[in-house]
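Right, one structure below, let's go through it.
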Amino acid sequence: MPSLLPSRLPSTIQTTKTKTLLLCSSHFLSPMAQLIRTEPNHSSTHHHQNVVVMRHGDRIDNFEPRWIKNAARPWDPPLVEEGRVRAFCTGAKLRSDLGFPVHRVFVSPFIRCVETAVQVVTALAAIETPSLGKYGQPLPVDPSKLKVSIEYGLCEMLNKEAIRGDVAPKDGNWGFNIPELEAKFPEGMVDHTVERVYKELPQWGESVMDARSRYANVVQALADKYPTENLLLVTHGEGVGTSITAFLEGATVYEAEYCAYSKLRRPINDQSLTAGKFEVLTNIGQTGLSYSLSL
């Protein structure tokens with residue numbers, strides 16, 4: 001698939017280390033995008049499919065630089081506690097403000113995304129209404145509310161722009177233990193029947209443009225695969241930025257905060273399941289994303 005983003009993103013999207021506590025009170029929400037085959041909708045019987053694309057929470061190496069020196073997997077930093085809190089609060093915010101249920105969650109295999117998704121799905125599927133005061137407490141969930149799968153296509157850019165060359169695994173083995181990662185989610189929530197869009201990780205050294213094309217492709221492919229369901233994709237800053245630039249003409253994304261998210265929407269014909277274009281519903285600066293539009 002050719003790149004959809006010729007020059008509408010900076011060389012890499014700037015990410016921030018913003019503190020967490022203000023997130024639970026003034027988090028973000030907004031609308032996002034419409035995509036796919038541009039066939040006209042001749043029927044009045046249709047529904048909207050929603051896709052939310054979210055960045056992970058606060059990663060430890062941005063707060064404790066010496067962590068890398070002794071880490072067994074220096075290319076795969078986990079979250080700090082503030083990042084887990086931020087992710088839980090984001091999940092609670094999505095639950096209260098989205099206005100639609102999330103049916104499926106797809107997650108990058110990097111541990112910071114998995115840990116983010118664990119907190120988000122706990123808030124989304126909690127039997128009781130989640131709140132900051134309930135963070136860290138055993139929170140019963142209803143696993144029938146949504147299903148989770150790990151998707152290689154949502155992984156970090158595998159290049160020196162995103163991961164330092166001296167940190168990347170020398171043998172090319174990223175060492176993702178998928179069963180171990182899946183076990184972190186609440187029991188009964190992982191869907192083991194799902195086939196991944198990307199069967200394996202990208203090769204090390206992929207270009208920024210190839211990574212952006214990958215992100216746009218996986219958003220499209222997952223939405224097409226589940227046209228009757230609303231999706232949440234937990235990924236990395238560049239992936240969130242691409243979800244704006246790929247589906248909003250003239251957009252240039254400058255910054256994606258921790259747990260920033262975009263929201264896409266498209267119409268689906270209930271009879272033929274033909275999909276319209278994605279529209280981006282995310283307003284500038286509203287959900288942790290900063291971008292501009294060219295006139």
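One-based numbering along the sequence shown.
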Heavy-atom side-chain contact between F88 and V120 under 4.5 Å: no
M157 vs V208, side-chain contact (heavy atoms from CB on, under 4.5 Å): CA-CA, chis, key distance, verdict: CA-CA 7 Å; M157 294 193 299; V208 173; 4.2 Å; yes
Test salt bridge (charged side-chain N to carboxylate O under 4.0 Å, His left out) applied to K199 - qualifying residues, sequence neighbours left out: E195
Side chains of E238 and E161 in contact at under 4.5 Å (non-hydrogen atoms): no
N269 (side chain) donor-acceptor with S272 (main chain) under 3.5 angstrom: yes
Atom pair CZ/CD1 of R73 and I68 - distance to nearest 0.5 Å: 13.5 Å
Distance-minimising heavy-atom pair for M189 and V121: SD-CG2, 3.6 Å
P109 versus V114, closest heavy-atom pair with distance: O-CG2, 4.1 Å
W204 vs I163 side-chain heavy atoms within contact, under 4.5 Å: yes
E64 backbone acceptor or donor facing D61 side chain under 3.5 Å: no
Heavy-atom pair with the smallest gap, counting every atom of L124 and G91: CD2-O, 3.6 Å
Non-hydrogen atoms of G133 and Q137 that approach each other most closely: O-NE2, 2.9 Å
Test log, rule side-chain contact (heavy atoms from CB on, under 4.5 Å), inputs V53 and T235: CA-CA 7 Å; V53 185; T235 183; 3.7 Å; yes
Of P130, P186, P140, the residue whose pairing with T122 passes side-chain contact (heavy atoms from CB on, under 4.5 Å): P186
V52 vs L98 side-chain heavy atoms within contact, under 4.5 Å: yes
Gap separating the CD1 atom of I150 from the CD atom of E182, nearest 0.5 angstrom: 5.0 Å
H46 and H48 aromatic ring geometry - parallel, tilted or perpendicular at 30°/60° bounds: perpendicular
Distance (rounded to the nearest 0.5 Å) between L273 CG and D224 CG: 11.0 Å
R104 side chain vs E229 backbone, donor-acceptor pair below 3.5 Å: no
Donor-acceptor pair between Y135 and E81 side chains, under 3.5 angstrom: yes
Qualifying residue for side chain to side chain donor-acceptor pair (under 3.5 Å) with H56, from E156, R112, R86: R112
Crowding at NZ, K170 (>12 non-hydrogen neighbours, <6.0 Å): yes
Qualifying residue for side-chain contact (heavy atoms from CB on, under 4.5 Å) with E82, from V85, V80, L79: V80
Donor-acceptor contact below 3.5 Å, side chain N230 vs main chain N50: yes
Exam field: side chain D191 to backbone V148, donor-acceptor pair closer than 3.5 Å: no
Geometric class of the F106/Y226 ring pair [parallel <30°, tilted 30-60°, perpendicular >60°]: tilted
Geometric cation-pi criterion R196 and Y152, 6.0 Å radius, 45° cone: yes
Pair V253-S290, side-chain contact (heavy atoms from CB on, under 4.5 Å): steps then yes or no: CA-CA 6 Å; V253 177; S290 298; over 6 Å; no
Main-chain N/O of A246 paired with R212 side-chain donor or acceptor, under 3.5 Å: no
Backbone of L158 reached by a side-chain donor or acceptor of E206 within 3.5 Å: yes
From SG (C113) to CG (L181), nearest 0.5 Å: 11.0 Å
Heavy-atom check, side chain of W67 versus side chain of P78, under 4.5 Å: yes
Nearest-0.5 Å distance that lies between atom CZ in R59 and atom OG1 in T116: 11.0 Å
Any side-chain donor near an acceptor of the partner, Y254 and S292, under 3.5 Å: yes
NZ/NE/NH1/NH2 to OD/OE distance under 4.0 Å, K184 and E115: no
Minimum side-chain heavy-atom gap L233-Y261 below 4.5 Å: no
Under 3.5 Å: donor-acceptor pair, side chain of R266, backbone of V51: no
Residues that D142 engages under salt bridge (charged side-chain N to carboxylate O under 4.0 Å, His left out), provided they are two or more places apart: none
Exceeds 12 heavy-atom contacts within 6.0 angstrom, atom NZ of K225: yes
Q49 versus P227, closest heavy-atom pair with distance: NE2-CA, 3.6 Å
Whether H236 and F110 hold their rings parallel, tilted or perpendicular, with breakpoints at 30° and 60°: perpendicular
Heavy-atom side-chain proximity of L231 to V102 below 4.5 angstrom: no
Polar side chain donor-acceptor pair, S262 to S243, under 3.5 angstrom: yes
Verdict with supporting geometry, R214 and C155, side-chain contact (heavy atoms from CB on, under 4.5 Å): CA-CA 10 Å; R214 166 170 60 85; C155 77; 3.7 Å; yes
Under 3.5 Å: donor-acceptor pair, side chain of Y291, backbone of E255: no
Side-chain donor-acceptor pair present, Y258, N62, cut-off under 3.5 Å: yes
Residue pair M54 / V240, side-chain heavy-atom distance below 4.5 Å: no
For A221 against V197, the heavy-atom pair lying closest together: CB-CG1, 3.8 Å
I244 CD1 to L289 CG distance, which is reported to the nearest 0.5 Å: 5.5 Å
Donor-acceptor contact below 3.5 Å, side chain T245 vs main chain A251: no
